[in-house]
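Proteins get letters first, then strands, A, B, ... in listed order; numbering begins at 1 in each.
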There are 2 protein chains.
Amino acid sequence: MTVRPTDTKEEILRLGTELIQVYGYNAFSYADISKKLDIKNAAVHYHFPGKEDLLAGIIDQYIQRYKELGARINAPGITAKQKLDVFISRYTDLCEQNKICIIGSVCSDYNTMPESVKAKLGELIEMVLGMVEKVLRQGKKTGELNFPETARVKSLLIMTNLAAGVQLARITGKKDYTAICKSIIDQVSV
Amino acid sequence: MTVRPTDTKEEILRLGTELIQVYGYNAFSYADISKKLDIKNAAVHYHFPGKEDLLAGIIDQYIQRYKELGARINAPGITAKQKLDVFISRYTDLCEQNKICIIGSVCSDYNTMPESVKAKLGELIEMVLGMVEKVLRQGKKTGELNFPETARVKSLLIMTNLAAGVQLARITGKKDYTAICKSIIDQVSV
DNA sequence: AGAAATACTTACTACTTAGTAAGTTACTTT
DNA sequence: AAAGTAACTTACTAAGTAGTAAGTATTTCT
């Protein structure tokens, strides 16, 4: 088992993710990727034959990372509030880099995507919502958190606040995003 | 004052708006517009020299319509809750047509836009937020509505719920959007 | 009636787009 | 050592992109 000579494929995924978060899916081309990585555009096609394959790969990687996050979160000794903070901080990180969530970004172009990618995106969203829902439900059960809505609906409210919050921050500034985050915490605090 | 022989310019604005709401700003071309309106693509360029001029025109029209909405809302005899419903129903209409809010749509492509359009988009958002904020503040004052946050922050929370709610509905279905709307109302009810 | 403006069409250009087929290099397996 | 495979590059194509210059028909102004 030798060290991989190159990790071009991973670099493409990384840059592709960034381009979606910064400029949007239909606003970047294979040329943008190949130029920045100093490879030929055919090299990008070698790893991801079509642009939809690249998008599928990016979403797959996102799903994988959320799964890892889920495993980390389930370690003992972490409070529900801390778990919720983990989700919020992912969006805060995006906000600070002037990026937006890929789900929100790709959603604008949703109707230009093939069914296979639409399904993958649905899988990702349901996973994230399910994870937040679980944290909320458990937090409510142990008395750590409190809110009048069901855990499912509260997860919808929180995730829409965060997703649109980072989008808004781009235009009106980060102050609004900060206020949103503070309110999310306040709303579930006992 | 005669009847305009054609209203091509308005048809372009209408179709452009629809294309942004359905496919996204960077996913449609002047050819999409000219084909559907059965005109030549140069005719679109005649009315809107560049694509950014078209986007600016679309946002201007949006601002105009929100101003009209604001005037209608200020008529006597309308309760704060009814006013809030007017805003919500605009998003509900979008949701039913599988469209998303142009603000949310264009936000993905924000960094591909010229400064002039960015400024216009900021103007639109501040206007909408300001209008919702005003409704909330007045409703709280008269005792019609109640919420722990400031009117500004509550308007941020509601608008992010709605904007991301219609985006989400595209992928996970309209049921989630309906639940979000119900919660928004419940949260401000006394 | 003549001039000017409006709202286009015709006919194009330069460029970018995703995508491909065939060749090259270097490492790995047999 | 030969064959195969992985990871590319070279060199191209067909289609689409925004955008323009010049011409035309129709209405409006003077």
Please tell me if B:His47 has a side-chain N or O lying less than 4.0 Å from either OP1 or OP2 of C:dT6. no
Sequence neighbours excluded, which residues qualify as side-chain contact (heavy atoms from CB on, under 4.5 Å) partners of A:Ile78? A:Ala75, A:Gln82, A:Lys83
Give a yes/no answer on whether the side chain of B:Tyr46 brings an N or O atom under 4.0 Å of OP1 or OP2 in C:dA7. yes
Quick one: salt bridge (charged side-chain N to carboxylate O under 4.0 Å, His left out) partners of A:Arg14, sequence neighbours excluded? A:Glu11, A:Glu18
For the pair A:Lys81 and A:Ser189, evaluate side-chain hydrogen bond (donor to acceptor under 3.5 Å, both in side chains) and give the outcome as yes or no after the intermediate values. CA-CA 9 Å; A:Lys81 221 165 195 169; A:Ser189 295; 3.0 Å; yes
If the condition is side-chain contact (heavy atoms from CB on, under 4.5 Å), which residues does A:Tyr66 pass it with, not counting sequence neighbours? A:Tyr62, A:Leu69, A:Phe87, A:Arg90, A:Tyr91, A:Leu124, A:Met127, A:Val128, A:Met131
Those residues that, when tested against A:Asp53, pass salt bridge (charged side-chain N to carboxylate O under 4.0 Å, His left out) (two or more places apart): none
Ignoring backbone atoms, test whether B:Thr8 places a side-chain nitrogen or oxygen under 4.0 Å from the OP1 or OP2 oxygen of C:dC8. yes
Distance in angstrom units between A:Asp38 CG and D:dA7 C1', rounded: 15 Å
Would you mind reading off the distance between B:Lys40 atom NZ and D:dT24 atom P, rounded to a whole angstrom? 17 Å
Each nucleotide in nucleotides 14-21 of chain C should get exactly one letter: B, S or -. Can you fill that in based on protein heavy atoms under 4.0 Å? ---SSBB-
Any salt bridge (charged side-chain N to carboxylate O under 4.0 Å, His left out) involving residues 108-120 of chain A? Give me the pairs, sequence neighbours left out, ordered by first then second residue. A:Asp60-A:Lys120, A:Glu115-A:Lys118
When the distance from CG of A:Leu37 to P of D:dA7 is rounded to whole Å, what number comes out? 16 Å
Nearest-angstrom distance from the residue atom CD1 of B:Ile39 to C1' of C:dT6: 15 Å
Can you tell me how far C1' of D:dC8 sits from CG of A:Asp7, to the nearest Å? 14 Å
Separation of atom CD1 in B:Ile33 from atom C1' in D:dA18, rounded to whole Å: 12 Å
